[in-house]
**Student:** 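Pasting a structure below so you can have a look.
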Amino acid sequence: MTVPGLPDPSVALAELARLALSAGIAANPAARACSERLAGRSLAIETLEARFVIHFEPGVVRVDTGTGPADTTLRGSPAAVAATLAGREETAAILGDAALFEDFHDSFRPRLDVPGKFVLEDLGDIVRLGLKTAESALEGLANAVRNRRNP
């Protein structure tokens, strides 16, 4: 649902997801391999009035705001979806093929392997910050919609 004068949250989140996932594929061989394994499959992310679908193709992802079915759907409040994607806890519902979500989650997890078998978590922190920002934006949008409906 869009409210006149406010941006469509699905479009903004879809573009944010496309950029983040494309960067992940470019920087992470595990993410690139996952996009090839999951080619032809899809994952929907739904929260409040926002929905976008990630379509996997070999070496790339396509993200749109379609309403069609997806192989797997991650659904919940903005906080639950962000927490589940960040790996803090699984409070969002995973509907459909849970193995697809687990493969996506494990493969697209930000990491940078360096000599000495250390893993830098800075990229993970950046993604968590981005998810927290998106969560805050969605909550602000929900409040604006609620305030417009109940003046």
**Student:** Is there a side-chain contact between Leu74 and Phe101 in this structure, where contact means two heavy atoms from C-beta onward sitting under 4.5 Å apart?
**Tutor:** yes
**Student:** For Thr72 and Ile94: C-alpha separation, side-chain torsions, deciding distance, then whether side-chain contact (heavy atoms from CB on, under 4.5 Å) applies.
**Tutor:** CA-CA 7 Å; Thr72 304; Ile94 300 170; 3.9 Å; yes
**Student:** Once salt bridge (charged side-chain N to carboxylate O under 4.0 Å, His left out) is applied, do any residues pair with Glu57, and if so which ones, sequence neighbours excluded?
**Tutor:** Arg62
**Student:** Quick one, Thr73 and Leu43 - any side-chain contact, counting heavy atoms below 4.5 Å?
**Tutor:** no
**Student:** Which atoms form the tightest heavy-atom contact between Thr91 and Ala83, and what is the distance?
**Tutor:**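 Of all heavy-atom pairs spanning Thr91 and Ala83, the closest is OG1-CB, 4.4 Å.
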**Student:** In chain order, what residues pass the salt bridge (charged side-chain N to carboxylate O under 4.0 Å, His left out) check against Glu36, with sequence neighbours excluded?
**Tutor:** none
**Student:** Show every donor-acceptor pair shorter than 3.5 Å between a side-chain atom in residues 11-21 and any protein atom, with sequence neighbours excluded, or say none if there are none.
**Tutor:**
{"unit_1": "Glu15", "atom_1": "OE1", "unit_2": "Arg18", "atom_2": "NE", "d": "3.1"}
{"unit_1": "Glu15", "atom_1": "OE2", "unit_2": "Arg18", "atom_2": "NH2", "d": "2.6"}

**Student:** Heavy-atom distance under 4.5 Å between the side chains of Phe104 and Leu85, does that happen here?
**Tutor:**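 Heavy-atom side-chain distance check passes, below 4.5 Å.
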**Student:** Report yes if some heavy atom in the side chain of Val53 is under 4.5 Å from a heavy atom in the side chain of Thr65; otherwise report no.
**Tutor:** no
**Student:** By ring-ring contact (aromatic ring centres under 6.0 Å, His included), which residues pair with His55, not counting sequence neighbours?
**Tutor:**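 For His55, no residue satisfies ring-ring contact (aromatic ring centres under 6.0 Å, His included) once neighbours in sequence are set aside.
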**Student:** Does some side-chain heavy atom of Ser42 sit less than 4.5 Å from a side-chain heavy atom of Phe56?
**Tutor:**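 A side-chain contact under 4.5 Å is absent here.
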**Student:** Among pairs that include at least one residue of residues 71-81, which meet salt bridge (charged side-chain N to carboxylate O under 4.0 Å, His left out), considering only residues two or more places apart or in two chains?
**Tutor:** Arg41-Asp71, Glu46-Arg75
**Student:** Residues in salt bridge (charged side-chain N to carboxylate O under 4.0 Å, His left out) with Arg32, at least two apart?
**Tutor:**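 Arg32 satisfies salt bridge (charged side-chain N to carboxylate O under 4.0 Å, His left out) with no other residue.
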**Student:** Looking at Ala92, is its backbone amide N or carbonyl O close enough to the side chain of Thr84 to form a donor-acceptor pair, meaning the two atoms are under 3.5 Å apart?
**Tutor:**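 Yes; judged by distance alone, with no hydrogens or angles, the pair exists.
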**Student:** Roughly how far, to the nearest 0.5 Å, is CD1 of Ile54 from OG of Ser35?
**Tutor:** 12.0 Å
**Student:** Can you find a pair of side-chain heavy atoms, one from Leu48 and one from Ser77, that are under 4.5 Å apart?
**Tutor:**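 Contact flag for Leu48/Ser77 side chains = no.
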**Student:** Keeping Asn28 on the side-chain end and Ser107 on the backbone end, is there a donor-acceptor pair under 3.5 Å?
**Tutor:** yes
